[in-house]
2 protein chains.
Amino acid sequence: MDADKVFKALGDPTRRRLLDLLCERNGQTLGELCDNLDMARQSATQHLEILEAANLVSTVKRGREKLHFINPVPLHEVYERWVRKFESQRLSLLHDLKKELEGE
Amino acid sequence: MDADKVFKALGDPTRRRLLDLLCERNGQTLGELCDNLDMARQSATQHLEILEAANLVSTVKRGREKLHFINPVPLHEVYERWVRKFESQRLSLLHDLKKELEGE
DNA sequence: ATATTAGGCAGGCAAATACCTGCATGTCAA
DNA sequence: TTGACATGCAGGTATTTGCCTGCCTAATAT
């Protein structure tokens, strides 16, 4: 997994919206996704390309349509490698702050 | 929580590195953090400002030093609102794909 | 067969981003 | 008090990003 691509992909609200849309109904076409986006089709295409490069979305061609499927695996890996690590610090934050304010 | 600020903040590798550094040792000064970054001090400052605006880092002044503390709460909220939601789709992906390829 | 529809390709532009340098301020220590 | 050190402030620039328009191809429908 390319963590940088995943984080960059998630860094844009339009792309998170796309993932949301696919979460509501998986396998939507480009056109269907565009209907919910308020931007030109080509702009949406570029966002979907970024999501695909990050492996967050997979596509399948069916006739002249392109179907989009969400892939949650990279998100889980991001969580495992990044979020959990920082969560374990949670309880110690206030303690650290206090110690520092007291001049250690 | 401003989800957009958090995601944007996490979208840069330098800022993730900063969080990593603070995870190793909380409460580091700007100078200490810079020593591990290979960029000008002012660049690091800008990254830290973004992390602070996203509430991922809190700072305390002690004399002429500025101490930085990681705040894992927004990360947990991001996980709750975003990652878990998509994880629940995991098992259905292959099923959806199969269905679509068969022409539904 | 031809019109319509779904999507791809190429290029162009303005704003945001991630760097930088130079100078100013405030704190500590000799 | 004066020099060294930690950080803040103010631009300046090159690259990336997100959006667009215009045209092209391929598949379906009439």
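So that the names make sense, note that chain A is the first sequence line, chain B the second, and so on, each numbered from 1. What you are looking at is a predicted structure, and each value in this text was computed from that prediction instead of being measured.
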| field | Shared hydrophobic cluster, A/V78 / B/L10 (ILVMFWY, side-chain heavy atoms < 4.5 Å) | value | yes
| query | Can you check the A/L48 CG to D/dG18 P distance for me, whole Å? | reply | 13 Å
| request: Determine whether B/L75 and A/Y79 fall in the same hydrophobic cluster, where Ile, Leu, Val, Met, Phe, Trp and Tyr are linked whenever their side-chain heavy atoms lie under 4.5 Å apart. | output: yes
| query | Going only through I, L, V, M, F, W and Y residues with side-chain contacts under 4.5 Å, is there a path from A/M39 to A/L30? | reply | yes
| said: Please report the distance, rounded to the nearest Å, between CD in A/E32 and P in C/dA6. | reply: 10 Å
| query | Roughly how many Å is it from CZ in A/R16 to C1' in D/dG18, rounded to a whole number? | reply | 14 Å
| request: Report the distance from atom NE2 of B/H68 to atom P of D/dA6, rounded to the nearest whole Å. | output: 14 Å
| query | Using a cut-off of 4.0 Å between protein heavy atoms and nucleotide atoms, how would you tag nucleotides 16-24 of chain C 5' to 3' with B, S and -? | reply | -SSBBB---
| How far apart are the C-alpha atoms of A/N55 and A/V73, what are their side-chain angles, what is the distance that settles it, and do they pass the side-chain contact (heavy atoms from CB on, under 4.5 Å) test? | CA-CA 8 Å; A/N55 202 28; A/V73 175; over 6 Å; no
| request: Give the cluster check for B/F7 versus A/L21: same hydrophobic cluster or not, with ILVMFWY residues linked at side-chain heavy-atom distances below 4.5 Å. | output: yes
| Atom-pair distance (CZ on A/R17; C1' on D/dG18), nearest Å | 18 Å
| message | With a 4.0 Å limit, can you tell me whether A/K66 has a side-chain N or O closer than that to the phosphate oxygens OP1/OP2 of C/dA6? | response | no
| field | Interatomic distance where CZ belongs to A/R62 and P belongs to D/dT28 [whole Å] | value | 10 Å
| said: Hydrophobic clustering (ILVMFWY, side-chain heavy atoms < 4.5 Å, transitive) - are B/I70 and B/L48 grouped together? | reply: yes
| said: On the nucleotide D/dA27, are OP1 or OP2 found under 4.0 Å from the side-chain N or O atoms that A/K61 carries? | reply: no
| said: Please determine whether any donor N or O and acceptor N or O are separated by less than 3.5 Å between the side chain of B/R64 and the base of D/dA6. | reply: no
| task | For A/L30 and C/dT5, give me the distance from atom CG to atom C1', rounded to whole Å. | result | 12 Å
